Participant: 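Would you mind keeping the following structure in view while I ask a few things?
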Amino acid sequence: MDRPTIPSICPKTALCSNLDRRDGHLRFAGQDAVDLARTYGTPLYLMDEDRIRYNCRLYTEAFQNCFPKGSRVLYASKAASFRQMCRIVRQEGLGLDVVSSGEIHTAGTAGFPMDLVYYHGNNKTDEDIAFAMDAGVGCFVVDGVEELLALEAEACRRNVRQKVLLRITPGIDPHTYDAVSTGKVDSKFGVSIETGQAEPFVGLALAQPHLYVAGFHCHVGSQVFWEDVFERSVMVMMAFIRTVRDRCGYLPEELDLGGGYGVRYVESDPEIHIPRKIASVAETLYAIAKRLDLPVPKVLMEPGRSIVADAGMTLYTVGSIKEITGYKRYVSIDGGMSDNPRYALYGSQYTCCNASRMDEPSEMRCDLVGRCCESGDVIQPDILLPETTKRGDVVAVCTTGAYNFSMASGYNRMLRPPVVMLKEGRSYVAVQRETLDDMIRLDQ
Ligand SMILES: *Cc1c(COP(=O)(O)O)cnc(C)c1O
């Protein structure tokens with residue numbers, strides 16, 4: 001399946017095919033962004049449901065074509081976790097990757113089948129483990145020896161056999177930002193092959209009578225563009241599988257390659273053709289399996305960002321515009337790092353535009369800043385907006401579907417924006433706007 005061609009919303013913003021413009025207004029998923037801002041208020045998270053489903057299908061169709069039966073795409077719910085997301089990815093046939101009791105509860109109360117839930121995390125507490133087993137979580141991705149023993153103890157107490165994957169650190173540096181790189185030897189996640197710790201970890205896991213070891217998991221990083229990260233993971237993991245087979249006769253059924261394909265936030269980011277990428281991973285997998293005389297395992301992948309990022313947009317209303325003569329201009333909006341901390345956290349780039357004035361040239365250099373009490377509350381520095389930008393205009397920040405809603409905080413007691421879904425020309429509320437009373441609900 002090829003992506004539809006990308007119409008330009010303005011000469012510099014040909015980001016994604018769900019963006020266009022009409023009558024001077026930005027349109028998202030075919031709907032007028034200024035009208036949506038008026039209807040639902042700002043700040044406002046928009047999510048294009050059709051695009052989410054399209055992105056899911058890019059993966060599921062490629063998986064059907066490329067990998068053995070029983071292979072599965074898991075949506076990494078940390079990218080955007082709320083109940084309607086769980087329902088949508090369920091309908092698209094994906095499983096779910098969760099990292100907390102909160103994400104398990106979200107999925108469970110949305111009716112997500114728990115046998116398709118994989119539970120990650122480098123420090124699951126005893127309470128987490130008990131909660132997840134109560135909920136019937138299908139598979140634990142075990143991060144280390146302590147968790148392994150805690151799981152065995154809990155499974156023994158319940159007299160069940162719990163399915164697990166073992167998280168292995170393949171020692172690959174994906175060359176992305178440090179905070180989102182997890183496959184290097186010194187990562188806080190998983191057990192390293194390089195240090196010789198992974199093999200005894202597998203041995204120990206296989207010796208646990210109440211754990212069923214279905215296979216291995218690895219995850220190298222996020223926002224990965226670097227050509228062959230998944231191919232290299234496959235090579236390292238298959239070599240490890242061969243060693244383990246030779247030493248203890250164990251063959252994994254499942255190999256989980258984690259998540260991480262990058263998305264385009266700005267024009268200069270490359271576009272990743274996911275089906276082609278997956279085909280290339282499959283080619284490597286089949287070749288190396290043959291070379292090492294191993295059966296091809298079922299493959300799992302855990303995309304988060306690439307399912308939801310380009311399905312999202314945030315709308316804000318412009319407030320103060322401050323010009324410091326001879327220095328710079330600040331355009332302040334009615335949200336900030338409380339709904340999008342990603343620039344403050346990792347210097348993330350975004351494409352921004354004045355949704356109310358799409359026909360006007362963007363020639364005013366400015367920083368788009370929030371209204372939190374931090375100088376670091378910047379949504380995006382050094383962007384171009386029209387000179388005519390004024391209080392009341394609607395500004396759009398594109399590609400905010402991943403790690404915005406899910407990283408939102410109550411800093412400064414700012415209210416979290418609602419999530420409004422756009423589907424086939426209609427819109428509906430998937431998560432309501434937080435109210436002042438919601439905010440104080442737990443205060444004594
Ligand atoms: C974050 C994460 C993912 C998802 O990564 P994306 O970059 O959002 O695709 C998948 N698996 C694990 C273990 C993760 O930590």
Side-chain angles (χ1 to χ4, degrees), residues 47 51-52 55-56 58-60 62-63 72-81 85-86 89 94-100 102-104 107 116-124 137-144 147 164-170 172 174-184 187-191 215-226 229-230 233 237 254-265 269-270 272 274 277-278 281 299-312 341-342 345-346 348-349 399-407:
M47 293 283 265
R51 170 63 56 158
I52 296 169
N55 290 338
C56 289
L58 285 178
Y59 278 94
T60 52
F63 262 54
R72 192 176 284 281
V73 186
L74 311 175
Y75 167 62
S77 57
K78 70 170 193 243
S81 175
M85 255 322 288
C86 294
V89 299
L94 279 67
L96 207 63
D97 146 3
V98 300
V99 294
S100 69
E103 288 182 1
I104 292 169
L116 298 181
V117 174
Y118 285 64
Y119 186 15
H120 290 274
N122 66 307
N123 183 20
K124 304 176 186 81
V137 161
C139 185
F140 283 72
V141 182
V142 187
D143 207 84
E147 181 187 337
V164 300
L165 294 181
L166 305 179
R167 181 158 182 172
I168 304 296
T169 316
I172 294 170
H175 295 184
T176 60
Y177 192 80
D178 258 1
V180 294
S181 157
T182 61
K184 292 194 286 186
S187 164
K188 80 167 176 176
F189 297 102
V191 182
F216 302 131
H217 169 278
C218 64
H219 170 76
V220 170
S222 209
Q223 186 65 353
V224 167
F225 288 110
W226 198 35
V229 167
F230 286 91
S233 296
M237 293 305 293
E254 295 184 5
L255 175 59
D256 186 335
L257 297 173
Y261 282 127
V263 301
R264 283 179 93 197
Y265 287 98
D269 288 334
I272 289 197
I274 285 169
K277 285 281 186 189
I278 289 173
V281 172
V299 175
L300 306 175
M301 274 193 192
E302 305 165 334
R305 188 191 310 273
S306 50
I307 298 288
V308 284
D310 67 6
R342 291 189 70 257
L345 200 54
Y346 338 101
S348 307
Q349 290 188 290
T399 329
T400 57
Y403 305 108
N404 276 238
F405 172 79
S406 61
M407 285 186 162

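Each residue takes its place number in the sequence, starting with 1. When a ligand or atom number is given, it counts from 1 through the structure's own listing order. Here the structure is a predicted model, which means the values were calculated and not measured.
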Participant: Of the side chain and backbone of Arg167, name the one, both, or neither that has a heavy atom under 4.0 Å from an atom of ligand 1.
Facilitator: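 For Arg167, the contact with ligand 1 is made by the side chain alone.
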Participant: Is there a heavy atom of Tyr403 sitting under 4.0 angstrom from any atom of ligand 1?
Facilitator: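 Contact present.
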Participant: Quick check on the 6.0 Å ring-centre criterion: do His120 and His219 meet it?
Facilitator: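 So the answer is no for these two rings.
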Participant: Please step through side chain to side chain contact (heavy atoms under 4.5 Å, CB included) for the pair Arg167 and Asn122, ending with a clear verdict.
Facilitator: CA-CA 10 Å; Arg167 181 158 182 172; Asn122 66 307; over 6 Å; no
Participant: Show the atoms of ligand 1 that are less than 4.0 angstrom away from any heavy atom in Ala76.
Facilitator: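 Within the 4.0 Å cut-off of Ala76, ligand 1 contributes 3 (C), 4 (C), 10 (C).
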Participant: Backbone or side chain, does any N or O of Glu302 fall under 3.5 Å from an N or O of ligand 1?
Facilitator: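 Yes.
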Participant: Below 3.5 angstrom, do we get any N/O pair linking Lys78 and ligand 1?
Facilitator: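 There is such a contact, yes.
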Participant: For ligand 1, note which part of Arg305 has a heavy atom under 4.0 Å away: side chain, backbone, both or neither.
Facilitator: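 It is both parts that get close, each with some atom under 4.0 Å.
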Participant: Does Leu300 reach the side chain of Asp97, with side-chain heavy atoms less than 4.5 Å apart?
Facilitator: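 Not in contact.
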Participant: Can you check whether Phe405 reaches Met47 side chain to side chain, under 4.5 Å on heavy atoms?
Facilitator: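 Result no, sub-4.5 Å side-chain heavy-atom pair not found.
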Participant: Which ligand 1 atoms, with their elements, are less than 4.0 angstrom from a heavy-atom of Gly260?
Facilitator: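 Counting atoms of ligand 1 from 1, those under 4.0 Å from Gly260 are 5 (O), 6 (P), 7 (O), 9 (O).
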Participant: How about Val191 and Leu166: do any of their side-chain heavy atoms sit closer than 4.5 Å?
Facilitator: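 No. Closest side-chain heavy atoms not under 4.5 Å.
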Participant: Gly304 versus ligand 1: do any nitrogen or oxygen atoms come within less than 3.5 Å of each other?
Facilitator: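 Among all N and O atoms of Gly304, at least one is under 3.5 Å from an N or O of ligand 1.
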Participant: Would Val98 and Ile104 count as a side chain to side chain contact (heavy atoms under 4.5 Å, CB included) if you check the C-alpha gap in whole Å, the side-chain angles of each, and the deciding distance to 0.1 Å?
Facilitator: CA-CA 6 Å; Val98 300; Ile104 292 169; 3.6 Å; yes
Participant: At under 4.0 Å between heavy atoms, is it the side chain or the backbone of Val99 that contacts ligand 1, or both, or neither?
Facilitator: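 Looking at Val99 and ligand 1, no heavy atom falls under 4.0 Å.
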Participant: Under 4.0 Å from a heavy atom of His120: give me the atoms of ligand 1 that qualify, with their elements.
Facilitator: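 Those of ligand 1 that fall under 4.0 Å from His120 are 13 (C).
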Participant: If we only consider heavy atoms of Pro303, is any one of them less than 4.0 Å away from an atom in ligand 1?
Facilitator: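 Right, Pro303 reaches ligand 1.
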Participant: Would you say that Tyr118 contacts Arg72 through its side chain, given a criterion of any heavy-atom pair below 4.5 Å between the two side chains?
Facilitator: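 They are not in contact (no side-chain heavy atoms under 4.5 Å apart), so the answer is no.
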Participant: For Ser81 and Glu103, test the side chains for any donor-to-acceptor distance below 3.5 angstrom and give the result as yes or no.
Facilitator: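 Not at all, the side chains of Ser81 and Glu103 share no donor-acceptor pair under 3.5 Å.
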Participant: Could you list which atoms of ligand 1 come closer than 4.0 Å to a heavy atom of Asp97?
Facilitator: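 Answer, ordered by atom number: 10 (C), 11 (N), 12 (C).
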